[in-house]
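Side chains included, hydrogens not; waters and symmetry mates left out as well; all remaining heavy atoms used. Every chain is numbered from 1 and lettered A, B, ... according to where its sequence line falls, protein lines coming before strand lines.
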Amino acid sequence: MPELPEVEVVRRGLARWAAGRTVADVQVLHPRAVRRQAGGADEFTALLRGRTLGTPQRRGKYLWVPLGDGLSMVGHLGMSGQLLVQEPEMADSVHLRARLRFADGGTELRFVDQRTFGGLAVEEAEADDPEATPVSLAHIARDPLDPRFDDPAFATALRAKRTTVKRALLDQTLISGVGNIYADEALWRSRLHYDRPTATLTRPAALELLGHARDVMTAALAVGGTSFDSMYVNVNGESGYFSRDLDAYGREGRPCRRCGTPMRRDPWMNRSSYSCPKCQRPPRA
DNA sequence: CCTTTGCCCTGAATGC
DNA sequence: TGCATTCAGGGCAAAG
């Protein structure tokens, strides 16, 4: 599932293979893929045609491609979204949702998304500035790999929340880019249980948790991200290698890499949390 | 205002 | 074998 490292790998792929190219034609094969576009597929297509793609940007799990005139193509991969740069001759996937053809007649940019939680849209940015964030992303916090992420402010805000620590890590308005996988990894590294109230964390503990989240995502990015099946691949269809380095996520019943205790999986918010029952003690009820 | 819940989706895995 | 159910989960609207 694409979280920050996986989206960053895709962003880099777009920078290399799509930036600077001019859109000749757009095809939307599933309306849900452009549901964020107020004017639907027709508007999406009309706004893209003839535009030259700028340098792709990212905040958390969102990415966008500046198009000039204050417009950007904003994308989110959701659960299963892929942006693929493929030769026109390559057969379409049954889950192909949108296609951009370029004026140079070379490779196409294809948006493939099995579960249709992802999407694309052309939107306004606040200014015609490469730093400008699309208006619709104004509520998304900076991510821990952003040089302007404010660590002390994060620690303060985290401790002021009336919630539990894993919920807070997944709150994209507090810290963006962290999903279920890297949340579990950061908590394991911090020896924190997912249900620990944020208000009970000391300031150093909050900063340590942030550091671990940053470290684990940096390490994952260095090896191309985490791939389990074909749910996440880079723009060339290649998998990342971080799944073999995961310490918590998906390791139910396998020994904790720190203490050897069998790892457990708990149902949590209609999904799963993986933790070590010895290293990550639950808070008192 | 802040936090929590439910919904959107499809295919693989599991249950009977 | 085959049909029905469960699970995966990010983001947002709506409820609490």
Side-chain angles (χ1 to χ4, degrees), chain A residues 1-8 10-11 28-38 40 58-64 74-83 92-98 111-121 123 133-144 156-187 194-201 213 217 225-233 243 246 248-253 264-274:
Chain A
M1 291 99 227
E3 302 180 25
L4 187 154
E6 293 75 33
V7 178
E8 175 61 16
V10 171
R11 190 198 67 79
V28 176
L29 294 99
H30 196 308
R32 199 174 143 76
V34 293
R35 65 191 180 283
R36 287 170 66 115
Q37 190 80 47
R58 183 187 54 74
R59 174 175 287 200
K61 303 171 199 172
Y62 281 92
L63 50 80
W64 69 91
V74 181
H76 195 291
L77 302 176
M79 289 280 303
S80 55
Q82 304 176 342
L83 283 166
D92 291 347
S93 158
V94 292
H95 303 303
L96 179 67
R97 308 306 187 196
F111 179 62
V112 174
D113 189 11
Q114 178 199 113
R115 294 179 195 170
T116 69
F117 275 35
L120 302 172
E123 298 177 4
T133 308
V135 174
S136 66
L137 306 191
H139 65 293
I140 302 294
R142 291 186 184 277
D143 61 68
T156 301
L158 180 77
R159 298 177 69 226
K161 288 244 171 225
R162 291 294 178 268
T163 187
T164 51
V165 66
K166 184 168 172 179
R167 282 178 184 274
L169 282 177
L170 298 180
D171 180 351
Q172 305 296 301
T173 68
L174 179 68
I175 176 173
S176 70
V178 181
N180 202 38
I181 295 171
Y182 297 112
D184 278 1
E185 295 302 308
L187 290 168
Y194 52 85
D195 268 341
R196 177 75 177 272
T198 50
T200 70
L201 291 178
M217 292 197 292
T226 300
S227 302
F228 292 111
D229 35 39
S230 57
M231 284 297 98
Y232 156 70
V233 292
S243 59
L246 293 173
Y249 189 87
R251 299 199 74 243
E252 181 182 17
R264 60 179 293 171
R265 177 177 70 88
D266 297 326
W268 184 85
M269 300 261 297
N270 290 321
R271 55 195 74 173
S272 296
S273 268
Y274 296 88

Could you tell me how far apart [X] ([atom1]) and [N] ([atom2]) are, to the nearest whole angstrom?
X: A/Leu120; N: C/dG10; atom1: CG; atom2: P; answer: 19 Å
X: A/His139; N: C/dG11; atom1: NE2; atom2: C1'; answer: 8 Å
X: A/Asp171; N: B/dT3; atom1: CG; atom2: P; answer: 8 Å
X: A/Arg59; N: C/dG11; atom1: CZ; atom2: C1'; answer: 16 Å
X: A/His76; N: C/dG10; atom1: NE2; atom2: P; answer: 8 Å
X: A/Leu170; N: C/dG9; atom1: CG; atom2: P; answer: 10 Å
X: A/Leu169; N: C/dG11; atom1: CG; atom2: P; answer: 14 Å
X: A/Glu252; N: C/dA8; atom1: CD; atom2: C1'; answer: 14 Å

Looking at [X], I'd like to know whether one of its side-chain N or O atoms comes within less than 4.0 Å of OP1 or OP2 on [N].
X: A/Arg36; N: C/dC12; answer: yes
X: A/Lys61; N: C/dG11; answer: yes
X: A/Tyr274; N: C/dA8; answer: no
X: A/Arg265; N: C/dC7; answer: no
X: A/Ser272; N: C/dA8; answer: yes

For the residue pair A/Tyr182 and A/Thr226, confirm or rule out a side-chain donor-acceptor distance under 3.5 Å.
yes
Distances for protein N or O near nucleotides 8-10 of chain B N or O, under 3.5 Å:
residue	atom	partner	partner atom	Å
B/dC8	O3'	A/Arg32	NH1	3.2
B/dC9	OP1	A/Arg32	NH1	3.4

Look at the side chain of [X] and the backbone N and O of [Y], then say whether any donor-acceptor pair between them is shorter than 3.5 Å.
X: A/Gln172; Y: A/Leu170; result: yes
X: A/Arg59; Y: A/Ile140; result: yes
X: A/Arg58; Y: A/Gly60; result: yes
X: A/Lys161; Y: A/Ala199; result: no

Nucleotide N/O of nucleotides 4-7 of chain B paired with protein N/O under 3.5 Å:
residue	atom	partner	partner atom	Å
B/dT4	OP2	A/Thr163	OG1	3.0
B/dT5	OP2	A/Arg167	NH2	3.2

Strictly below 4.0 Å, N to O, side chains only: are A/Arg32 and A/Asp113 in salt-bridge contact?
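Here A/Arg32 does not pair with A/Asp113 in a salt bridge, since their nearest N and O are not under 4.0 Å apart.
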Please determine if A/Asp184 and A/Lys166 form a salt bridge, counting it only when a charged side-chain N lies under 4.0 Å from a carboxylate O.
yes
Between NE2 on residue A/His30 and CG on residue A/Leu96, distance to nearest 0.5 Å
11.5 Å
Rounded to the nearest 0.5 Å, the CD atom of A/Glu185 sits from the CG atom of A/Leu169 at a distance of 12.0 Å
Answer with base, sugar-phosphate or nothing: what part of the nucleic acid does A/Arg35 contact at a heavy-atom distance below 4.0 Å?
nothing
